Amino acid sequence: MIKVYNTLSRKKEIFKPREGNRVKIFVCGLTVYDNSHIGHARTYISFDVIARYLKYQGYSVFYLQNITDIDDKIINRAIETGEDPLHLARKFEEKYIQDMKSLAVENVNLYARATEHIPEIIKQIGTLLEKGFAYETDSGVYFDESRYPDFGKLSNRKIEDLNVHRINPDTNKRNPGDFALWKKKNEKPYWDSPWGPGRPGWHIEDTAITEEYFGPQYDIHGGGLDLIFPHHEAEIAQMESASGKKPMVRYWMHTGFLNVLGEKMSKSLGNFITIKDLLKECPPEVFRFFVLSTHYRSPIDFSQEILEQSRSGLKRIYKHIETIEELMESDIPETSSKDEEHEKLLRETRKNFQEAMDNDFNTPFAISSLFDFIREINRDINDSNISKNTLNDIKIFIKEIGNILGFEFVLSKSHDDVADELVDILTSIRGKLRQRKDYELSDEIRSKLNDLNIVIEDRKN
Ligand code: AMP
């Protein structure tokens with residue numbers, strides 16, 4: 001039985017999808033105006049593992065993400081760089097998808113671009129207008145917050161306390177908290193609509209997209225903590241008003257921030273490390289291990305020191321796999337008197353692992369159950385008290401855990417060892433090139449390795 005912490009009810013609830021074993025998940029995707037950073041990666045790795053675990057438990061999961069490819073941030077960046085905004089958005093979207101691939105975030109079934117759902121957006125705004133939840137002004141179409149008394153239920157705020165909205169005198173908004181569904185604009189990019197040319201507001205793309213693929217009600221909506229207010233509040237107001245059905249989403253799930261020195265990593269604060277830069281010096285699995293070593297709702301403080309701890313933690317697991325593989329190649333018996341005991345230990349570990357994951361996807365506890373297991377089993381390995389059959393079962397078990405958490409866990413060599421060997425191969429080829437006096441190519445190898453912080457010094461001998 002899986003329990004999920006629901007931001008809406010502020011408690012853990014038993015997970016039960018709306019339709020049998022089908023799970024529909026929507027997670028807010030990136031606004032594609034810059035390279036994605038490791039704070040984004042934290043959120044998307046967390047939801048990747050949630051999707052993986054639900055699949056492992058037999059659910060049929062459809063995981064949808066939007067891509068915000070039209071937004072003021074994109075337009076402003078395009079003005080700065082002199083690029084076409086949609087072209088700029090496509091460029092950063094490609095990089096984002098590539099980053100996600102590098103991080104083995106591979107469970108999203110569909111990335112839906114806002115600009116490819118303009119008809120759905122217009123339709124939903126039309127419904128809100130028709131039902132009296134929205135109104136038109138000179139500057140756009142706005143959602144009338146006063147028509148939705150539940151506004152604030154997700155973030156536990158009262159409308160009257162919400163003074164964070166600024167009154168924009170140009171818009172003639174009825175209430176300060178009313179938000180734009182459609183912004184009238186004559187400058188490109190714009191789309192035609194019944195209210196004249198313009199662009200969609202930020203909140204409406206998500207509900208138009210989810211209504212199109214999931215209908216007005218679905219199972220899980222996710223994102224980082226910063227999206228609870230006002231973004232997710234606005235989504236609830238739009239969808240529940242348009243459809244008249246409640247709740248729009250059964251389980252609201254939010255990830256904690258990845259912080260640097262106690263502050264949220266963000267583009268605007270400039271304290272970010274891009275995924276691409278991180279991966280130059282840190283294998284993706286080390287970063288994933290770092291992310292999963294903290295519960296998804298808790299904040300993580302990023303530091304090289306903690307990253308190093310993750311590196312050695314992961315190394316211990318790979319070392320264990322290596323030992324198992326070596327032993328399996330050796331001359332040990334097929335069975336042993338300890339087989340039954342080991343079988344029980346495996347069963348208990350699998351149970352502990354699942355209990356941790358069932359408890360709101362508690363990956364740090366799940367990982368620690370694996371370490372407890374390795375510690376115990378290593379004792380018998382050292383005492384030569386283990387059989388080939390048991391080793392084979394352990395191998396299968398570790399692979400199973402790897403699939404859930406997104407690690408390969410099949411290599412007989414750690415990534416570090418492979419990297420060392422690759423450097424040896426390259427330096428040996430470079431030596432041969434120098435003997436042939438091909439300095440151009442040998443210098444290129446040195447310079448490219450240098451970019452990866454691998455320094456080659458040519459000495460006399
Ligand atoms: P954005 O494009 O800024 O809207 O971010 C896309 C997703 O990444 C959202 O779900 C954000 O909440 C999440 N996100 C952004 N920065 C961080 C961070 N430092 N830690 C965790 N998640 C983040």
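A quick note: this is a predicted structure, and the numbers were derived from the prediction, not measured. Order of listing sets the numbers, starting from 1, for every ligand and every atom in it.
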Just checking [X] against [Y], ring centres under 6.0 Å apart?
X	Y	value
F15	Y251	yes
Y218	F62	no
Y213	H117	yes

Proximity flag [X] to ligand 1, non-hydrogen atoms under 4.0 Å:
X	answer
S36	no
F272	no
H37	yes

- Message: Is it the case that ligand 1 has an N or O less than 3.5 angstrom from some N or O of S266?
- Response: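 No, there is no polar N/O contact under 3.5 Å.
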- Message: Side chain or backbone, does L30 bring an N or O within less than 3.5 Å of an N or O on ligand 1?
- Response: no
- Message: For a ring pair (Phe, Tyr, Trp, His ring centres under 6.0 Å) check, start with the C-alpha distance between F290 and F302, then their side-chain angles and the critical distance, and finish with the verdict.
- Response: CA-CA 9 Å; F290 163 82; F302 179 79; 5.6 Å; yes
- Six-ring centre of Y190, K185 cation under 6.0 angstrom, axis tolerance 45°: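 K185 over Y190 ring: no.
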- Within 45° of the axis and under 6.0 Å from the centre of the six-membered ring of F371, does NZ or CZ of R316 qualify? yes
How far is [atom] from the closest protein heavy atom, and which atom is that?
atom	result
atom 12 (O) of ligand 1	D226 OD1, 2.5 Å
atom 5 (O) of ligand 1	H40 CD2, 3.4 Å
atom 10 (O) of ligand 1	G224 N, 3.0 Å
atom 7 (C) of ligand 1	Y44 OH, 3.2 Å
atom 20 (N) of ligand 1	L258 N, 2.8 Å
atom 13 (C) of ligand 1	T43 OG1, 3.8 Å

- Can a salt bridge be assigned to the pair E93 and R113 using a cut-off of 4.0 Å between side-chain N and carboxylate O?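 Between R113 and E93 there is a salt bridge, with a charged N closer than 4.0 Å to a carboxylate O.
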Quick check on contacts: which atoms of ligand 1 are under 4.0 angstrom from a heavy atom of [X]?
X	result
G39	17 (C), 18 (C), 19 (N), 20 (N), 21 (C), 22 (N), 23 (C)
M265	16 (N), 18 (C), 19 (N)
G223	10 (O)
G256	21 (C)
T31	2 (O)

- Got a donor-acceptor contact below 3.5 angstrom from the R42 side chain to the Y296 backbone? yes
- Item | Pair Q124-Q238, side-chain donor/acceptor within less than 3.5 Å |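 No pair is found: no donor N or O on one side chain lies under 3.5 Å from an acceptor on the other.
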- Note on the structure: Closest to atom 16 (N) of ligand 1 by heavy-atom distance, out of K267, H231, K264, K73, is K264
- Query: Taking H232 as the fixed residue, which of F151, F26, W252, W202 is the one that meets the ring-ring contact (aromatic ring centres under 6.0 Å, His included) rule?
  - Reply: W252
- Side-chain touch Y148/I236, heavy atoms, less than 4.5 angstrom: yes
- Message: Is the contact between L227 and ligand 1 made by the side chain, the backbone, both, or neither, using heavy atoms and a 4.0 Å cut-off?
- Response: side chain
